[in-house]
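See below for the structure under consideration.
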Amino acid sequence: MYSQRDVQIMSQYLNFVPTIPDNKISHRCFSNTIDIGIMCFTKCNLACDFCCLNPQRRSTPNKHILDDYLNRIENILKTIKVPPEANIQLQGGELFADFVPDEYYDCLENFLHHLRTLLKKHGVVDIGVCCVTNLCYKKIDRAMLFCQNNNITLDTSYDFVGRFNKKYQHDLWMNNIEHLNNVYHYKPTISIVGHLANINEITNHNTFFKKMYSEYHLKIEPYDKFDDIEQYTTNQSQWIDFISFLIDHYPQTEPANFFINSFKSKTRIKQESCDLVGIDCLPDETWGACCDKYKNISKMMMRFSCWQCPHYQYCPIPCPSLCTNDVCTYQKIYNKVSDVLSNR
């Protein structure tokens, strides 16, 4: 049984807003930032073994989808209290694959202009745009120049297992990241999927991982268990052990550095939180919002009595999928950080 005070804390923390019933858009409310995910299309030049997208149902570049997205986003912005900051994530498929016609980028540039104008109209003053690319294409200059001209942060992705099915794909990635370094003097953040096979490579101190760690900012993200492929799926205990390993050996990777910095500063940082304020625009009819965030997060917080946790002050509250058992993933990780820092 929870006291009225507990419920008041819960309500203030989650800052509930009405849900819009749209199976292709989810919007949540959490912080001073709104996250807008734009999946432009789903056709890709790779076929990663662990990808959740059905390769037989990949959508192609279509400017009309972008117009539809603008209408959807505007309708949602009219119904919520819009935060002052916005992060726009552009993604595919592969947004810069060689099969994308040049004229599509004129449409995308026009879309971004109207989206920025729309957000400013609703009071957003700080707008960031980023894109994660697989770098497995020949038209690298087209990609970089488009990002430079439109103030887009270009990041890339890499996986040790399950990504490069042909040698030329890996060669393209290596050549292109070197091209970014030498020609544009640009070092992108490198994202790595935290699936089990990648985790095994990293925990065995893969030589190339150590090299990337010394030269780039690395971000390792949990593997979304859409297909529950045994070779790649991790359980809660394995993920906790892996983040603990990163804290010990590679503390500058995300999310290890996030947990260390938020623990030290005793300040809640949104970076690794469940993005409760967000608009997800998806072209594939089979996709929908990942879950009912309001209901699942409130249940999780009640179950763990989060406000009684010693880390509550700075914990951003994890995605409920990371806390499937009777153990809070973030509490375990923060306990690890506490132990490591106290022994230094």
Side-chain angles (χ1 to χ4, degrees), residues 15 25-41 65-66 69-70 72-74 76-77 80-96 104-135 142-157 177 180 184-192 216-222 252-255 257-258 261-262 265 267-282 290 293 316-317 319:
N15 189 17
I25 302 176
S26 60
H27 85 291
R28 287 82 67 169
C29 192
F30 179 69
S31 71
N32 289 329
T33 304
I34 183 169
D35 292 324
I36 302 177
I38 305 295
M39 182 168 283
C40 300
F41 52 85
I65 289 178
L66 298 177
Y69 286 173
L70 280 176
R72 287 198 231 162
I73 292 170
E74 183 169 22
I76 289 180
L77 293 178
I80 65 174
K81 182 179 179 181
V82 181
E85 301 174 8
N87 293 325
I88 302 170
Q89 171 81 54
L90 298 177
Q91 58 188 15
E94 174 46 57
L95 194 58
F96 298 109
Y104 179 77
Y105 298 103
D106 294 332
C107 300
L108 187 56
E109 183 171 352
N110 184 60
F111 167 79
L112 286 173
H113 170 74
H114 283 91
L115 179 54
R116 284 179 166 122
T117 301
L118 178 63
L119 289 169
K120 290 176 181 177
K121 172 184 172 183
H122 286 272
V124 179
V125 295
D126 187 1
I127 303 171
V129 185
C130 65
C131 175
V132 179
T133 175
N134 62 35
L135 286 184
R142 181 178 72 168
M144 193 61 188
L145 291 174
F146 177 80
C147 290
Q148 288 181 335
N149 292 338
N150 291 278
N151 195 24
I152 299 171
T153 300
L154 185 68
D155 294 333
T156 189
S157 51
I177 200 163
L180 292 179
Y184 296 96
H185 308 291
Y186 183 76
K187 286 184 174 289
T189 292
I190 301 176
S191 294
I192 301 171
Y216 296 90
H217 178 66
L218 304 182
K219 182 175 183 179
I220 305 172
E221 300 176 305
Q252 294 307 311
T253 57
E254 290 186 44
N257 62 352
F258 154 78
N261 292 337
S262 60
S265 66
T267 301
R268 183 176 291 125
I269 304 172
K270 182 184 182 298
Q271 186 174 358
E272 289 300 321
S273 68
C274 197
D275 59 335
L276 293 179
V277 187
I279 301 173
D280 298 324
C281 294
L282 311 167
C290 58
K293 295 296 181 78
I317 307 302
C319 173

query: Taking S157 for the side chain and I192 for the main chain, is one N or O donor matched with an acceptor at less than 3.5 Å?
result: no
task: Establish, from distance only, whether the side-chain atoms of E74 and H122 form a donor-acceptor pair under 3.5 Å.
output: no
query: Step by step, would you call L77 with V124 a side-chain contact (heavy atoms from CB on, under 4.5 Å)?
result: CA-CA 11 Å; L77 293 178; V124 179; over 6 Å; no
query: Quick one: NE2 on H113 to CG on L108, what's the gap to the nearest 0.5 Å?
result: 13.5 Å
query: How many angstroms lie between atom NZ of K187 and atom OG1 of T189, to the nearest 0.5 angstrom?
result: 11.5 Å
- prompt: Counting N and O atoms only, with roles assigned by atom type, does the side chain of Y186 sit under 3.5 Å from a partner on the main chain of L154, one being a donor and the other an acceptor?
  reply: yes
statement: One should read off an interatomic distance between I73 CD1 and L115 CG, to the nearest 0.5 angstrom, of 5.0 Å
Closest heavy-atom pair and its distance - G92, M39: O-CE, 3.5 Å
message: As an exercise, state the distance from OG1 of T33 to CG of D126, rounded to the nearest 0.5 Å.
response: 8.0 Å
field: Euclidean distance, C131 SG relative to N150 CG, rounded to 0.5 Å
entry: 11.5 Å
query: Is there a donor-acceptor contact under 3.5 Å from the side chain of E94 to the main chain of N134?
result: yes
Donor-acceptor contact below 3.5 Å, side chain Y104 vs main chain L95: no
query: Do L180 and L135 have side chains that get closer than 4.5 Å, going by heavy atoms?
result: yes
- prompt: Parallel, tilted or perpendicular: which describes the rings of F96 and Y105, with under 30° parallel and over 60° perpendicular?
  reply: parallel
task: Would you give the length of the straight line joining atom CG of L119 to atom CZ of R116, rounded to the nearest 0.5 angstrom?
output: 9.5 Å
